[in-house]
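This chain uses plain numbering: 1 for the first residue, then up along the sequence.
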Amino acid sequence: MNQVKHAIILAGGKGERLRPLTDGRPKSMVEVGGVPILDYQLSALRDAGVEEVVLAVSYLREVIQDHVGNGDGHGIKATYSVEETPLGRGGAIKQAMKQLGTDWEDAIAQNGDELRQVDFEAFIGLHRDRNAIATVLVAPLRSPYGIVDFNENDEILGFREKPALPFWLNAGMYVMSREIEPLLPDIGDHEDETFPYLPRERFLAFKSRGYWRGIDTVKDVNEAEREVAEIFGRR
C-alpha cells in the first residue's frame with residue numbers, strides 16, 4: 001500500500017480577500033459548514049495514513065496552535081514551523097522539512113486554503129513508480145460562468161452550467177521526495193525557483209477529477225457551504 005507518513009501544510013496565509021472572516025483567524029481556520037478548512041485537511045491526511053504533520057504558520061499562528069495543539073484531538077501528530085519573516089511558499093516548505101527528522105523519503109506538501117478529495121494511493125503510487133522528485137496534483141479547470149453552445153449558423157444548441165474546460169489547474173498539493181529539499185529556495189516560491197529546473201521525466205502531474213475548491217473569497221465560502229454536506233458528509 002502506498003502511504004506517506006509525513007506532511008506539511010502551508011497554513012500561514014492572511015486571506016485578505018476573505019475579510020472580515022479572517023480578521024481574527026488565519027485563512028486555513030475559516031469555517032466551511034461549521035468546520036475549519038484545516039480540519040478537513042487533517043482528517044484527509046490522517047485517513048490516508050499520514051502520521052505526522054508540520055504546520056507552517058505565521059499570521060495569527062496562536063489560533064491554529066490553540067485549535068490543533070499536538071494533534072491528539074485530530075488523530076495525528078502535529079508540530080509547528082514558525083515563519084517569523086516572510087519566506088515564500090518554497091522557503092516555508094524547506095524550513096518545515098527540517099522538522100521531519102532523518103527517516104523520511106517522501107512528504108506531502110499542500111496549501112492550507114483548499115478543499116479537495118484525493119486518491120492518495122494512486123497519487124503516491126505514480127510518484128514512486130516513476131521515481132519522481134515532485135508530483136503535482138492537478139484538477140480540471142471549470143468555467144466560472146455558464147457556456148452557450150451554438151452552431152455555424154449561430155443557432156443556439158444549448159447551455160452548460162460551469163463546465164470543465166480543456167485545461168488543468170494546480171490543485172495546491174504535491175508529493176515531494178527528500179531529494180528536493182536542497183533545491184528549494186531559502187526565500188521564494190518553489191513553483192518559480194525550483195520546479196522549472198527539475199528534469200522533465202521526474203516532474204509529474206497527477207490528474208484528479210475528485211472534488212476541489214480553492215477558498216479565496218467570501219463567495220467561495222458560500223458556494224462551498226452548499227457542497228460540503230454532500231461531499232464530506234458535514235452540515
Checklist entry - Hydrophobic cluster mates of Ile187, side-chain heavy atoms under 4.5 angstrom, ILVMFWY only, any path? => result Leu87
Checklist entry - Salt bridge or not for Arg178 and Asp106, using N-O below 4.0 Å? => result no
Checklist entry - Do Gln95 and Glu83 have a side chain donor and acceptor closer than 3.5 Å? => result no
Checklist entry - According to the interplanar angle, ranging from 0 to 90°, do the rings of Phe203 and Phe195 count as parallel (below 30°), tilted (30 to 60°) or perpendicular (above 60°)? => result tilted
Next on the checklist: Atom CD of residue position Glu31 - does it have more than 12 heavy atoms of other residues, nucleotides or ligands inside 6.0 Å?
Outcome noted: yes
Item to check | Donor-acceptor contact below 3.5 Å, side chain Asn151 vs main chain Asn153 | outcome: yes
Checklist entry - Listed by chain and number, what are the side chain to side chain donor-acceptor pair (under 3.5 Å) partners of Asp103, not counting sequence neighbours? => result none
Next on the checklist: With a 3.5 Å distance limit and no angle check, can you tell me whether Tyr40 reaches the backbone of Val228 through a side-chain donor-acceptor pair?
Outcome noted: no
Quick one: side chains of residues 162-172, donor-acceptor pairs under 3.5 Å with protein atoms, not counting sequence neighbours, listed by atom name and distance.
{"unit_1": "Asn170", "atom_1": "OD1", "unit_2": "Gly172", "atom_2": "N", "d": "2.9"}
{"unit_1": "Asn170", "atom_1": "ND2", "unit_2": "Glu191", "atom_2": "OE2", "d": "2.6"}

Checklist entry - Do side-chain atoms of Gln41 reach the backbone of Glu114 as a donor and acceptor pair under 3.5 angstrom? => result yes
Item to check | Donor-acceptor pair, side chain of Tyr211 and main chain of Val118, under 3.5 angstrom | outcome: no
Item to check | Within one Ile-Leu-Val-Met-Phe-Trp-Tyr cluster: Ile93 and Ile180, side-chain cutoff 4.5 Å | outcome: yes
Item to check | Side-chain (Thr217) to main-chain (Asp220) donor-acceptor, under 3.5 angstrom | outcome: yes
Checklist entry - Do the side chains of Asp216 and Leu18 get nearer than 4.5 Å, heavy atoms only? => result no
Checklist entry - For Asn111 and Asp113, what are the C-alpha separation, side-chain angles and deciding distance, and is it a side chain to side chain donor-acceptor pair (under 3.5 Å)? => result CA-CA 6 Å; Asn111 297 337; Asp113 56 1; 4.6 Å; no
Next on the checklist: Please list all pairs meeting ring-ring contact (aromatic ring centres under 6.0 Å, His included) that have one or both residues in residues 111-134, counting only residues at least two apart or in different chains.
Outcome noted: Phe123-Phe206
Item to check | Residues that Gln3 engages under side chain to side chain donor-acceptor pair (under 3.5 Å), provided they are two or more places apart | outcome: none
Checklist entry - Tell me, which pairs form a side-chain hydrogen bond (donor to acceptor under 3.5 Å, both in side chains) where one or both residues lie in residues 46-69, sequence neighbours left out? => result Asp39-His67
Checklist outcome for this item: Across all chains, not counting sequence neighbours, the side chain to side chain donor-acceptor pair (under 3.5 Å) partners of Arg226 are none
Item to check | Ion pair Arg213/Glu227, N-O distance below 4.0 Å | outcome: yes
Item to check | Set of residues satisfying salt bridge (Lys or Arg N to Asp or Glu O under 4.0 Å) with respect to Glu193, sequence neighbours excluded | outcome: none
Checklist entry - Residues in side chain to side chain donor-acceptor pair (under 3.5 Å) with Arg160, at least two apart? => result Asp149
Checklist entry - Is there any side-chain hydrogen bond (donor to acceptor under 3.5 Å, both in side chains) pair reaching into residues 137-147, and which pairs are they, with sequence neighbours excluded? => result none
Item to check | Residues which pass salt bridge (Lys or Arg N to Asp or Glu O under 4.0 Å) with Lys94, listed by chain and number, not counting sequence neighbours | outcome: Asp186
Item to check | Neighbour count >12 (heavy atoms, 6.0 Å) for atom CZ, Arg19 | outcome: yes
Item to check | Residues that Arg202 engages under salt bridge (Lys or Arg N to Asp or Glu O under 4.0 Å), provided they are two or more places apart | outcome: Glu179
